[in-house]
Amino acid sequence: MANARVVRWQKVLYERQPFPDNYVDRRFLEELRKNISTRKYQYWSVVFESGVVIQQLCSVCVFVVIWWYMDEGLLAPQWLFGTGLASSLIGYVLFDLIDGGAGRKKSGRTRWADLKSALLFITFTYGFSPVLKTLTESVSTDTIYAMSVFMLLGHLIFFDYGANAAIVSSTLSLNMAIFASVCLASRLPRSLHAFIMVTFAIQIFALWPMLQKKLKACTPCSYVGVTLLFAFSALAGLLTISGVGAILFALLLVSISCLCPYYLIRLQLFKENIHGPWDEAEIKEDLSRFLT
Amino acid sequence: MTKLHLNMAYRRVNGNGHSITSKLSHNDYGIHQLHRTGTHNICMVSDFFYPNMGGVESHIYQLSQCLIERGHKVIIVTHAYGNRKGIRYLTNGLKVYYLPLKVMYNQSTATTLFHSLPLLRYIFVRERVTIVHSHSSFSAMAHDALFHAKTMGLQTVFTDHSLFGFADVSSVLTNKLLTVSLCDTNHIICVSYTSKENTVLRAALNPEIVSVIPNAVDPTDFTPDPFRRDDSVITIVVISRLVYRKGIDLLSGIIPELCQKYPDLNFIVGGEGPKRIILEEVRERYQLHDRVRLLGALEHQDVRDVLVQGHIFLNTSLTEAFCMAIVEAASCGLRVVSTRVGGIPEVLPDNLIILCEPSVKSLCNGLEKAISQLKSGTLPDPEKIHNRVKTFYTWRNVAERTEKVYDRVSREAVLPMDKRLNRLISHCGPVTGCTFALLAVLNFLFLVFLRWLTPDSIIDIAVDATGPKGAWTQQYSFCKKGEENKEISESR
């Protein structure tokens, strides 16, 4: 009767079952899932995404190269200001053209407001440039260089490359870059140089990434072109200063854009992420609506 | 200082059962080898014990009481809680050592892996402990005790009360430490099958040495009382700590959703915690002051009185190894609605619980189902539910099953030092394994040094309060067990 029927083990605690407490059923760990949320990466898409890092490295490189030219007196500040102004204007027009003004409508910002903040910024920087020039006079030049290196490195570390991590802070990143530019600018010959250096820093560290982001989202092809062009011009600029530096920089760029993606995809094969009923449940809804 | 504590306590006991002491006190430590007559000398170790309150604490207390009832000798070792230090006796002579160790975080002591060896060795020797039973993976002291017990060649058992993920950095580290701690432990106990799967994966264990023994509730503490509730309205009771892991954010969405739909619905929320603020905000925002009562922290003995005021019990936990709260509520005859997470689906049969996904919508649907059942009168009588639930989980059953684990463990051999080192190195990876193997050797050398400093033979043997020759057992008969005077000798 009862023993003719095979008793099956159940995953319940409230019934006394005819099995020892350390019994291991065939169904043990049947709810185990592996690598649920693991993404399969495509090599070329990872290479494309690495463009952001390349761009930022190049920005820092171009900035340092320009500063070196100014410091050596090979580049007239008026010329840099003129080029910067022209490219800013082109960028400004492009910024609106790329997405057909959709972004502007969304933010509700007028052109008049843009002009006002630009003017305000330029006036203040111009007015304070003599102060910037003399601010760090009492500090040794070596300290200034060391500080700039650390600040630019910090800028690269904290920059918002699109990763959702705790370390990312675009404000901190921008502040570090501006700090580095102020340090370096104070070592230039005249206060006009300092003013133009800081303006250039704003253009390359604050405005240029915004345009890049939009380019990347709307026209990926042109973004690849711009990235390549930018990388080559940065390399060319570096080459005129130091051949070894240019080779090392080129190696760095190649390893970041080609080797690192390959390594990531290889490592992905070894990923073993375990999921199961013991995982803490996630609240997926937006619960703040009940409080607003 | 501490030694003084122990000696003084010893003398106090001495006065109590003098005739037995005089026989025992000059015996060698070797006596515990002879002491294998079916009963065990068990030492429960955990950072969490009374006066701290929670699942682990009551588990240790109740299990110890039932083991004493079955004739074993049980002592408990925990760390000092404020003024509560030294040795105390609880009901039926349950002896508790409150050791003067520094608390680091969340009532868990700091660990250096070595500093507790002198004290714990002293206790293990003078109490002639044969089995060390540690509780809770969050307790540093429990792991320390396992480590020392293995060095001293005692049998070890570990009970895991919690679930852990695998995704973030902190769990990767704690899981590695758990692997080290459990790889040479004789037997492991988990409170649910899900918890067993989790522990086996976390510590890379052989599932054969992991037993599942659920928690229990005292059914006489949780009896229904249908006259205490107001049947003109429907009352939903929530009793839990108000923290993120208990899903209080979900509750803050459920309350306004259902209160708008059912004008005759009330909520009673018992418990305290950082998420109380959002419940207060919701109550403020929707003007529900007369319908949502926040009771704040509850004493354990008041829980039943709150439960019986409700019709439906809601549990919104996001993770749970066993969940005693839903068993307590069902025992009081309430309709239970809960999230389907962790070990909860194993705890109650389908007709006593409504399981939902952890989202506001699903929980609201579950509650509405319960409400419509309640209104149509198709719910079984609370008394019937109670009579069913009270057969599910009892502490006597838990003790019986734990005793089987002890019997099994006491037949096993403790790994000798060389095998233990091999196990550590082969089981925990080269770096961690070798590091902890080195630490195990250092611990052994430290033990040798301590044995040279105070040989086992000159350590006084304590009088057994409990167990086969227990002084307490002979003085008081167990028919007194019903009286719940937890603290007999507060000031002795």
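To find a chain, count down the sequence lines: A is the first, B the second, and so on, and within it residues start at 1.
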Portion of [X] that has a non-hydrogen atom of chain A nearer than 4.5 angstrom:
X: B:V191; value: backbone
X: B:P207; value: both
X: B:V282; value: both
X: B:R401; value: both
X: B:R408; value: side chain

Which one wins on heavy-atom pair count under 4.5 Å against chain A: [options]?
options: B:L250, B:I213, B:I209; answer: B:L250
options: B:E320, B:E357, B:K361, B:K196; answer: B:K196
options: B:G253, B:G165, B:G343, B:G342; answer: B:G253
options: B:E284, B:E208, B:K404, B:E281; answer: B:E208
options: B:V341, B:L201, B:I188, B:V200; answer: B:L201

| Contact check, side chains of B:F267 and B:R291, non-hydrogen atoms, under 4.5 Å |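 Sidechains of B:R291 and B:F267: no contact.
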For [X] and [Y], work out which heavy atoms get closest and say how close.
X: B:P358; Y: A:A281; value: CG-CB, 3.5 Å
X: B:H59; Y: B:T159; value: NE2-CG2, 4.4 Å
X: B:S195; Y: B:C190; value: OG-CB, 3.5 Å

At a heavy-atom distance under 4.5 Å, which candidate from [options] has the highest pair count against chain B?
options: A:I283, A:D21, A:V12; result: A:D21
options: A:E15, A:E282, A:R16; result: A:R16
options: A:N273, A:D25, A:L29; result: A:L29

| said: Quick check on A:E280 against chain B: is it the side chain, the backbone, both or neither that has a heavy atom closer than 4.5 Å? | reply: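 Answer is both: backbone and side chain atoms of A:E280 are under 4.5 Å from chain B.
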| request: Against chain B, label A:K284 side chain, backbone, both or neither, depending on which of its atoms sit under 4.5 Å from a heavy atom there. | output: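 Neither part; nothing is under 4.5 Å.
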| query | Would you find a donor on one side and an acceptor on the other, under 3.5 Å apart, between the side chain of B:E257 and the backbone of B:V360? | reply |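 Pair absent, no side-chain N/O of B:E257 close to backbone of B:V360.
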| task | Look only at the side chain of B:Y286 and the backbone of B:Q260, and say whether a donor-acceptor pair between them is shorter than 3.5 Å. | result |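 Not a single qualifying donor-acceptor pair exists.
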| Centroid-to-centroid, A:F230 to A:W208, below 6.0 Å? |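 For A:F230 and A:W208, the ring centres are under 6.0 Å apart.
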| B:F164 and B:F138: aromatic ring centres closer than 6.0 Å? |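 When the ring centroids of B:F164 and B:F138 are compared, they turn out to be within the sub-6.0 Å range.
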| message | Below 30° counts as parallel, above 60° as perpendicular, anything between as tilted: where do the rings of B:H133 and B:Y406 land? | response |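 Perpendicular: the ring planes of B:H133 and B:Y406 meet at over 60°.
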| field | Evaluation steps, side chain to side chain contact (heavy atoms under 4.5 Å, CB included), between A:D99 and A:K214 | value | CA-CA 8 Å; A:D99 63 348; A:K214 208 163 233 188; 3.1 Å; yes
